[in-house]
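Contents: one structure, followed by commentary.
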Amino acid sequence: MNIEELTALASQIEAAARDAGAMMLGAEADKSVSTKSGRKDLVTRYDKEIQRFLEERLLPLLPEAGFLGEEALGHDAHTERDFLFIVDPIDGTTNFVKGCNQSCVSIGLGIRGEMAVGVVFNPYRDEMFTAVRGGGALLNGAPLRIPDCAPEDALVLVGSSPYYRELTDVTFAMARLLFDRCLDLRRSGSAALDLCDVAAGRAGCYFECRLSPWDFAAGGLIVREAGGVVTDLTGGPLAFAQKCPVAAGNPQCHPALLQAAKDCGFSG
Ligand code: LIP
């Protein structure tokens, strides 16, 4: 697919994301909350309903694609296919449950293992972040170019990996080092929105010691296409087929994340 074809597809993905966002805004107070891997890993009936909705909207656009969603809905994701949608129907589910208004719909499209389209929609702020590989990144249609700034002038977004308690000590050790070396810390609770805030220059960098592909697939491309750097915490490439650590930042701040991981003995 060329950039023009990917851009046309991105517009259709945006429309689906916007309709999914409307489902979030229309949610009733009773969200039928349950837990998955542990007491901190929440899921609601809306996560599942929105994922089903997106599957019905997106697969007709690319019938040959697989669909990897966060919620297990009982059928094969076909991750072996050349085209693969990687979808978090509600990124920031705990925020959604608690009414924090800091959640989004995250839709990525991978082609033979490389991200080609990323769409993240924040319905609470009506912000549509979009990226096409080689075609740049947009916020509500306006080009995004990540501003560079030194770590000492940067906000650092921290992901606390709440589902992986074995990573708590190293996460907070890294946060402590970065608190000293940078301007200040922030924790939003949505990896995809954190990545978009880096792309928009609202923060200099973001790290999280373990994320699932649906958390970072779309946002990672948006950061890259805005001129940022996205790797794992050793500086290696992100793998979209598995959980991995994520380090994203403007070119001056990204190295500070890798240094903090090294100084704290992060081993992945
Ligand atoms: C969440 C991420 C967040 C991370 C949580 C969780 P979910 O995604 O966006 O940054 O700290 O562990 O992975 O589960 O709300 O879709």
Side-chain angles (χ1 to χ4, degrees), residues 17 20-21 23-24 27 31-54 68-73 85-108 118-124 127 129 155-172 174-175 185-199 202-203 205-223 230 232-233 238 240 242-249 257 266:
M23 293 170 72
M24 289 171 63
K31 297 182 172 70
S32 304
V33 184
S34 57
T35 57
K36 295 189 292 188
S37 65
R39 72 177 184 84
K40 292 174 177 275
D41 189 359
L42 307 183
V43 61
T44 73
R45 65 184 173 95
Y46 290 98
D47 294 86
K48 298 169 186 175
E49 288 173 18
I50 290 173
Q51 183 167 313
R52 285 192 194 95
F53 166 80
L54 288 171
L68 176 61
E70 176 172 9
E71 311 311 337
L73 300 181
F85 287 109
I86 307 174
V87 175
D88 192 338
I90 301 178
D91 185 58
T93 294
T94 301
N95 288 345
F96 176 67
V97 169
K98 297 297 183 182
C100 298
N101 292 357
Q102 180 73 1
S103 308
C104 63
V105 180
S106 179
I107 303 169
V119 172
V120 174
F121 180 56
N122 180 344
Y124 302 103
E127 289 188 330
F129 294 87
L155 285 177
V156 177
L157 305 177
V158 179
S160 56
S161 298
Y163 310 157
Y164 311 103
R165 299 308 301 271
E166 69 275 19
L167 295 173
T168 300
D169 289 344
V170 70
T171 293
F172 283 83
M174 287 177 62
L185 307 177
R186 296 289 186 271
R187 165 55 171 165
S188 82
S190 167
L193 289 181
D194 286 341
L195 289 163
C196 290
D197 280 344
V198 169
R202 297 166 181 166
C205 54
Y206 158 70
F207 81 93
E208 190 143 8
C209 288
R210 187 173 300 155
L211 282 173
S212 296
W214 43 77
D215 294 318
F216 62 80
L221 181 66
I222 291 166
V223 172
V230 187
D232 67 18
L233 275 166
L238 292 186
F240 295 99
Q242 62 196 34
K243 300 178 191 293
C244 66
V246 173
L257 298 176
F266 177 76

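Index from 1, following the sequence. Order of listing sets the numbers, starting from 1, for every ligand and every atom in it.
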(message) Yes or no: does Lys36 have any heavy atom under 4.0 Å from an atom of ligand 1?
(response) no
(message) To the nearest 0.5 Å, what is the distance between SG on Cys104 and CG on Asn95?
(response) 10.0 Å
(message) Quick test: of every protein heavy atom, which one is nearest to atom 13 (O) of ligand 1, and how far off is it to 0.1 Å?
(response) Asp215 OD2, 3.5 Å
(request) Rounded to the nearest 0.5 Å, what's the gap from CG on Asp41 to OG1 on Thr35? Could you check? (result) 7.5 Å
(request) Mind checking the CG-CD1 spacing from Leu68 to Ile86? Nearest 0.5 Å is all I need. (result) 6.0 Å
(message) Heavy-atom pairs closer than 4.0 Å: do any link ligand 1 to the side chain of Lys40, the backbone, both, or neither?
(response) neither
(message) What protein heavy atom lies closest to atom 5 (C) of ligand 1? Include the residue and the distance to one decimal.
(response) Pro162 CD, 3.9 Å
(request) Would you mind running through ligand 1 and noting each atom that sits below 4.0 Å from a heavy atom of Glu70? (result) 14 (O), 16 (O)
(message) Check Glu127 with Arg202, please: is the shortest side-chain N to carboxylate O separation under 4.0 Å?
(response) yes
(message) Considering non-hydrogen atoms of the protein only, which is the closest contact for atom 11 (O) of ligand 1, and what is the distance?
(response) Glu208 OE2, 2.4 Å
(message) I need the atoms of ligand 1 closer than 4.0 Å to a non-hydrogen atom of Ile90, numbered in the order shown.
(response) 16 (O)
(message) Using a 3.5 Å cut-off on N or O atoms only, is Asp41 in polar contact with ligand 1?
(response) no
(request) Would you indicate whether the side-chain heavy atoms of Trp214 and Val87 approach each other to under 4.5 Å? (result) no
(request) Tell me which part of Tyr163 gets within contact of ligand 1: side chain, backbone, both or neither, using heavy atoms under 4.0 Å. (result) side chain
(message) I'd like to know whether ligand 1 has Asp194 as a neighbour, heavy-atom separation below 4.0 Å.
(response) no
(message) For a quick check under 3.5 Å, do Asp91 and Ser106 share a side-chain donor-acceptor pair by atom type?
(response) no
(request) With heavy atoms under 4.0 Å as the rule, classify the contact between Asn95 and ligand 1 as side chain, backbone, both or neither. (result) neither
(message) Between Lys36 and Tyr163, is there a side-chain donor-acceptor contact under 3.5 Å, judged purely by atom types and distance?
(response) no
(message) Any atom of ligand 1 sitting under 4.0 Å from a heavy atom of Gly92?
(response) yes
(message) Nearest 0.5 Å, please: how far is CG in Leu257 from OH in Tyr206?
(response) 10.5 Å
(message) Could you tell me, atom by atom, which parts of ligand 1 come under 4.0 Å of a heavy atom of Ser190?
(response) 9 (O), 10 (O)
(request) Starting at OG of Ser212, measure out to CG of Asp88 and round the result to the nearest 0.5 Å. (result) 8.5 Å
(message) For ligand 1, which is the ligand I care about here, please tell me if Ala191 has any N or O atom under 3.5 Å from one of the ligand's N or O atoms.
(response) yes
(request) Identify the protein heavy atom lying closest to atom 8 (O) of ligand 1, giving its residue, its atom name and the separation to 0.1 Å. (result) Asp91 OD1, 3.0 Å
(message) I need the Ser161 OG to Arg210 CZ distance, nearest 0.5 Å.
(response) 7.5 Å
(message) Going by the closest heavy atom to atom 16 (O) of ligand 1, which one wins out of Asp88, Thr93, Leu211, Val43?
(response) Asp88
(message) Can you report which non-hydrogen protein atom sits closest to atom 3 (C) of ligand 1, along with the distance?
(response) Gly189 O, 3.7 Å
(message) For the residue pair Lys31 and Phe96, would you count it as a cation-pi contact if the rule is NZ or CZ under 6.0 angstrom from the ring centre and within 45 degrees of the ring axis?
(response) yes
